[in-house]
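Keep in mind that this is a model prediction, so the values were computed, not measured.
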Amino acid sequence: MPQHLLADCSILLLAGGRGQRMGGHDKGLVEWHGKPLVAWAQRVARPLTDDLLISCNRNPERYTPFADQLVSDDEPDFPGPLAGIRAGLAAARHRWMMVLPCDAPLIDEALLLQLHGIAREIPDTPVMVRRDTQWEPLFCVIPLSIAGAIEAAWQAGERSNRRILVELGARSLELFEDDPRLANLNAPELLARHTPPMGT
């Protein structure tokens with residue numbers, strides 16, 4: 001068995017949204033430089049964990065080759081990323097679950113290792129990327145030990161992953177405001193403006 005760098009961490013790629021800025025297309029499957037968007041995030045995450053999950057609400061047969069597990073929202077009408085995160089937490093097999101958006105194809109291994117490293121310092125505290133004063137709630141690590149608190153917030157009507165994690169004392173991974181790895185390519189004009197990382 002290979003030794004994974006994040007042996008104690010599941011990784012969830014979020015691909016379950018409406019894709020409104022992509023004209024309603026399934027965002028993770030939109031082609032970018034010859035590959036679906038999800039493949040770019042998967043290429044970084046895959047070697048790091050033996051529990052790679054994808055949250056998708058459409059086209060499961062096309063996502064299956066990229067993941068160890070697929071999860072989907074338990075409510076109709078695309079209720080938002082927190083629904084996918086809840087599904088991931090229910091299925092994740094490790095002590096932590098890292099969350100990444102499928103439309104961030106410029107992420108790299110160093111970013112994932114930094115997030116995980118901070119999470120391990122205080123094991124029951126979530127970690128989120130922050131740029132200046134802006135939290136980036138879809139780049140985070142969630143300890144499974146707080147899944148119950150997240151579920152309770154959901155049942156109470158909260159739908160913001162950021163608000164829940166801040167309320168639960170999230171620590172930050174501070175990055176520069178213009179860090180290119182966080183580029184969210186969620187619209188055709190943004191896809192056209194960017195090119196893949198060197199060496200890919």
Practice problem: Report the C-alpha distance between Ile146 and Ile164 in whole Å, list the side-chain angles of each, state the deciding distance to 0.1 Å, and finish with yes or no for side chain to side chain contact (heavy atoms under 4.5 Å, CB included). | Solution: CA-CA 10 Å; Ile146 67 169; Ile164 291 176; over 6 Å; no
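- Ion pairing of Asp103 with Lys27 is present here, as a side-chain N (NZ or NE/NH1/NH2) and a carboxylate O approach within less than 4.0 Å.
- Of the possible polar contacts, one joining the Thr49 side chain to the Asp51 backbone as a donor-acceptor pair under 3.5 Å is found.
- Heavy-atom neighbours of Arg46 CZ from other residues, nucleotides or ligands within 6.0 Å: above the threshold of 12.
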Quiz item: Does the side chain to side chain contact (heavy atoms under 4.5 Å, CB included) test come out yes or no for Leu89 and Leu144, once each step is laid out?
Solution: CA-CA 7 Å; Leu89 287 169; Leu144 262 64; 3.9 Å; yes
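- Of all heavy-atom pairs spanning Met128 and Cys140, the tightest one is CG-CB, 3.7 Å.
- With salt bridges taken as basic N to acidic carboxylate O contacts below 4.0 Å, one links Arg93 and Asp50.
- Using a 4.0 Å cut-off between charged side-chain N and carboxylate O, Arg130 and Glu136 make no salt bridge.
- Of the possible polar contacts, none joining the Gln69 side chain to the Ala92 backbone as a donor-acceptor pair under 3.5 Å is found.
- Panel note: side chain Arg159, backbone Trp154; a donor-acceptor pair is recorded below 3.5 Å.
- The nearest pair of heavy atoms linking Pro143 to Pro123 is CB-O, 3.3 Å.
- Atom CD1 of residue Ile142 and atom CZ of residue Arg86 lie 12.0 Å apart, to the nearest 0.5 angstrom.
- In this structure, the side chain to side chain donor-acceptor pair (under 3.5 Å) partners of Arg171, at least two apart in sequence or on a different chain, are Glu121.
- Without hydrogens or angle criteria, Trp32 side chain to Val38 main chain gives no donor-acceptor distance under 3.5 Å.
- For the pair Met98 and Leu12, the minimum side-chain heavy-atom distance is 4.5 Å or more.
- Atom CD of Glu151 has more than 12 heavy atoms from other residues, nucleotides or ligands within 6.0 Å.
- Counting heavy atoms from C-beta outward, Leu168 and Thr125 have side chains that stay 4.5 Å or more apart.
- Here ring pair (Phe, Tyr, Trp, His ring centres under 6.0 Å) pairs that include residues 50-74, with residues two or more places apart or in two chains, number zero.
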Exercise. Evaluate side chain to side chain contact (heavy atoms under 4.5 Å, CB included) for Leu53 paired with Leu13, printing each intermediate quantity in order.
Key: CA-CA 6 Å; Leu53 300 91; Leu13 302 180; over 6 Å; no
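- Transitive grouping of hydrophobic side chains (ILVMFWY, heavy atoms separated by less than 4.5 Å) keeps Ile122 and Phe139 in distinct clusters.
- For the residue pair Asp73 and Gly84, the shortest heavy atom distance occurs at OD1-N, 3.3 Å.
- Pairing each heavy atom of Pro137 with each of Asn161, the nearest pair is O-ND2, 2.7 Å.
- A donor-acceptor pair shorter than 3.5 Å cannot be found between the side chains of Asn57 and Ser72.
- The cationic group of Arg162 does not satisfy the cation-pi geometry with Trp135, failing either the under 6.0 Å distance to the six-membered ring centre or the 45° limit from the ring axis.
- Within the 4.5 Å cutoff, the side chain of Val141 has no heavy atoms near those of the Ile118 side chain.
- Here Ile54 contributes atom CD1 and Leu14 contributes atom CG; the two are 10.5 Å apart, rounded to the nearest 0.5 Å.
- Distance check, rounded to the nearest 0.5 Å: CD1 of Ile11 to CG of Leu100 gives 6.5 Å.
- The OG atom of Ser10 sits 8.0 Å away from atom CE of Met97, with the distance rounded to the nearest 0.5 Å.
- Within the model, atoms CZ of Arg181 and CG of Leu111 stand 4.5 Å from one another, a figure rounded to the nearest 0.5 Å.
- For the pair Leu182/Leu175, a side-chain contact is recorded, criterion being any heavy-atom separation below 4.5 Å from C-beta on.
- Every residue two or more places apart in sequence or in another chain that forms a ring-ring contact (aromatic ring centres under 6.0 Å, His included) with His116 is listed here: Trp96.
- Under a hydrophobic-cluster definition in which Ile, Leu, Val, Met, Phe, Trp and Tyr are linked whenever side-chain heavy atoms come within less than 4.5 Å, directly or via other members, Leu113 and Leu52 are assigned to the same cluster.
- In this structure the side chain of Leu138 reaches within 4.5 angstrom of the side chain of Pro81, judged on heavy atoms.
- A pairwise comparison of heavy atoms in Leu173 and Val127 identifies N-CG1, 4.3 Å as the closest pair.
- Atom SG of Cys56 is separated from atom CZ of Arg62 by 11.5 Å, given to the nearest 0.5 angstrom.
- Here the shortest heavy-atom pairing between Arg131 and Asp179 reads NH1-O, 4.0 Å.
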